[in-house]
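When reading the values below, keep in mind they use all heavy atoms of this one structure, side chains included, and skip hydrogens, waters and symmetry mates. Everything quoted here is computed from the prediction, not taken from an experiment.
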Amino acid sequence: MNQDLSIINLLLHASFVVQLVVLLLVIVSIASWAAIIRKYFALRRMRALNDDFEREFWSGTSLNELFASAAQNAKFAGPMERIFASGMREYQKLRERHVSDPATLLDGARRAMRASFQRELDAAEQNLSFLATVGSVSPYVGLFGTVWGIMHAFTGLAALAQVTLATVAPGIAEALVATAIGLFAAIPAVVGYNRFAREIDKIAIALETYIEEFSNILQRNLSANPGVAAAATTVAPANR
């Protein structure tokens with residue numbers, strides 16, 4: 001007799017544990033795909049916002065104007081703009097406290113930007129640990145379902161007087177479905193994790209480079225005007 005060995009039919013006749021494992025893997029797979037899609041568009045938007053702000057920063061606009069724009073656009077600003085705003089904000093706070101030492105002003109701005117950089121990096125890495133967990137654990141969860149399914153299949157065969165390939169095949173096939181679905185959940189998660197990790201590394205390098213460049217601009221402006229701390233906020237950044 002011909003047997004229906006489609007995946008749906010196999011799952012309908014599988015043991016409860018195998019069905020539970022498959023259901024769990026399907027839910028995890030859907031969640032990982034949702035995380036991949038969200039992360040893709042989030043990183044794409046992050047790169048676009050950084051590029052826009054960097055072009056504006058090096059266009060010759062004064063630091064005061066850039067800071068005012070960043071303050072008004074704080075809700076929709078990109079990571080680089082928020083890092084710039086945090087450095088300028090700390091600089092102005094120190095200046096309001098009548099701190100005139102250039103080294104203190106520069107160090108305060110740098111520390112504020114480094115703290116903001118770490119917050120941005122943490123936000124960019126959100127959900128990466130979930131993808132890593134799915135990629136590493138899902139195959140083993142699927143393998144557990146397969147082992148349990150095979151045990152269940154052989155337990156049922158023990159009561160039969162004659163065992164043929166036709167009686168063994170459905171039980172083995174339904175057990176192997178769990179491993180297949182485990183790999184189906186794991187492979188996209190691993191690929192997404194590796195790609196996003198590389199993208200975040202590139203963004204982190206660009207942000208660190210910007211922090212150093214902006215610090216150099218502040219240092220040049222403070223060195224050129226050692227007696228006037230406010231000069232650092234009125235001089236436009238020099239072209240690279």
Side-chain angles (χ1 to χ4, degrees), residues 38-130 132 193 196-240:
R38 287 197 306 268
K39 183 60 65 177
Y40 171 78
F41 286 105
L43 292 180
R44 181 179 176 182
R45 181 175 181 271
M46 191 179 296
R47 289 193 302 269
L49 290 173
N50 285 345
D51 292 341
D52 291 343
F53 176 74
E54 195 168 15
R55 281 194 297 269
E56 186 179 3
F57 182 84
W58 295 108
S59 66
T61 307
S62 70
L63 299 182
N64 271 338
E65 293 177 357
L66 287 172
F67 181 59
S69 176
Q72 294 177 354
N73 194 40
K75 187 176 181 180
F76 304 101
M80 189 175 290
E81 189 171 3
R82 285 193 290 265
I83 289 173
F84 162 79
S86 64
M88 287 294 296
R89 190 179 301 111
E90 181 64 19
Y91 172 85
Q92 290 190 348
K93 287 181 180 178
L94 292 174
R95 203 186 70 192
E96 289 172 357
R97 296 175 184 175
H98 306 291
V99 176
S100 58
D101 180 42
T104 303
L105 292 169
L106 182 60
D107 183 62
R110 284 177 61 88
R111 283 188 288 106
M113 287 190 290
R114 296 300 303 184
S116 180
F117 165 77
Q118 191 58 53
R119 289 193 297 270
E120 297 297 338
L121 191 60
D122 291 341
E125 291 176 345
Q126 188 177 7
N127 291 332
L128 278 190
S129 60
F130 172 73
Y193 174 84
F196 295 147
R198 288 194 301 270
E199 292 293 327
I200 291 172
D201 285 342
K202 292 179 182 178
I203 292 174
I205 292 172
L207 294 177
E208 287 184 318
T209 301
Y210 171 77
I211 290 174
E212 294 302 319
E213 290 176 334
F214 182 43
S215 298
N216 289 337
I217 291 173
L218 288 177
Q219 187 174 21
R220 285 197 300 268
N221 291 340
L222 289 169
S223 299
N225 302 274
V228 184
T233 63
T234 58
V235 178
N239 292 330
R240 286 184 290 183

*Asks:* Does any part of the side chain of Leu121, heavy atoms only, come nearer than 4.5 Å to the side chain of Ile203, both counted from C-beta?
*Replies:* no
*Asks:* Do you know which two heavy atoms are closest between Phe117 and Ala204, and how far apart they sit?
*Replies:* CE1-O, 3.6 Å
*Asks:* In Å and rounded to the nearest 0.5 Å, what is the CG to CG distance from Leu105 to Asn221?
*Replies:* 12.0 Å
*Asks:* Looking only at heavy atoms, what is the nearest atom pair of Ala124 and Met46, with distance?
*Replies:* CB-CE, 4.1 Å
*Asks:* For a quick test of reading the model, state the closest non-hydrogen atom pair linking Pro79 to Leu207 and the distance between them.
*Replies:*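 Smallest heavy-atom distance, with atoms named: CB-CD1, 4.1 Å.
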*Asks:* Parallel, tilted or perpendicular for Tyr210 and Phe214, by the 30°/60° rule?
*Replies:* parallel
*Asks:* Do Leu43 and Ile200 make a side-chain contact, defined as non-hydrogen atoms from C-beta onward lying under 4.5 Å apart?
*Replies:* yes
*Asks:* Is a donor on one side and an acceptor on the other found under 3.5 Å between the side chain of Thr61 and the backbone of Phe57?
*Replies:* no
*Asks:* I'd like to know if Arg82 pairs up with Glu120 as an ion pair, taking the criterion as any Lys NZ or Arg NE/NH1/NH2 lying under 4.0 Å from an Asp or Glu carboxylate oxygen.
*Replies:*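 A salt bridge links Arg82 with Glu120.
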*Asks:* Quick one: CG on Asn64 to CE on Met88, what's the gap to the nearest 0.5 Å?
*Replies:*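 Spacing of CG (Asn64) from CE (Met88) equals 5.5 Å.
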*Asks:* Test your reading of the model: is there a side-chain donor-acceptor pair from Asp107 to the backbone of Ala103, 3.5 Å cut-off?
*Replies:*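 No; judged by distance alone, with no hydrogens or angles, the pair does not exist.
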*Asks:* How many angstroms lie between CG in Leu106 and CG in Asp101, if you round to the nearest 0.5 Å?
*Replies:* 10.0 Å
*Asks:* Which pairs pass side-chain hydrogen bond (donor to acceptor under 3.5 Å, both in side chains) with one or both residues in residues 43-53, sequence neighbours excluded?
*Replies:*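 The answer is Arg47-Glu199, Asp52-Arg55.
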*Asks:* Give me the atom names and distance for the closest heavy-atom approach of Ile83 to Ile211.
*Replies:* CG2-CG1, 3.8 Å
*Asks:* Going through the distances and angles, do Met80 and Leu49 end up as a side-chain contact (heavy atoms from CB on, under 4.5 Å)?
*Replies:* CA-CA 8 Å; Met80 189 175 290; Leu49 290 173; over 6 Å; no
*Asks:* Find out whether Arg89 and Ser86 are in side-chain contact, i.e. whether some heavy atom of one side chain is under 4.5 Å from a heavy atom of the other.
*Replies:*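 Of all side-chain heavy-atom pairs linking Ser86 with Arg89, at least one is under 4.5 Å.
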*Asks:* I need the minimum non-hydrogen distance between Glu90 and Gly108, along with the two atoms involved.
*Replies:* CG-O, 3.2 Å
*Asks:* Would you say the rings of Phe196 and Tyr40 are close, in the sense that their centroids are separated by under 6.0 Å?
*Replies:* no
*Asks:* Quick check against the 3.5 Å criterion: does Asn127 have a side-chain atom that pairs as donor or acceptor with the backbone of Phe130?
*Replies:* no
*Asks:* In sequence, state the C-alpha distance, the side-chain angles, and the governing distance for Arg97 and Gln92, and then conclude on side-chain contact (heavy atoms from CB on, under 4.5 Å).
*Replies:* CA-CA 9 Å; Arg97 296 175 184 175; Gln92 290 190 348; over 6 Å; no
*Asks:* Please check if the number of heavy atoms outside Tyr193 that lie under 6.0 Å from its OH is greater than 12.
*Replies:* no
*Asks:* Please tell me if the side chains of Arg114 and Glu208 come closer than 4.5 Å, counting only heavy atoms from C-beta onward.
*Replies:* yes
*Asks:* For Asp122 and Gln126, what are the C-alpha separation, side-chain angles and deciding distance, and is it a side-chain hydrogen bond (donor to acceptor under 3.5 Å, both in side chains)?
*Replies:* CA-CA 6 Å; Asp122 291 341; Gln126 188 177 7; over 6 Å; no
*Asks:* Calculate, to the nearest 0.5 Å, the distance between atoms CE and CZ belonging to Met113 and Phe84 respectively.
*Replies:* 9.5 Å
*Asks:* Tell me the closest heavy-atom pair linking Glu125 and Lys39, and the distance in Å.
*Replies:* C-NZ, 4.2 Å
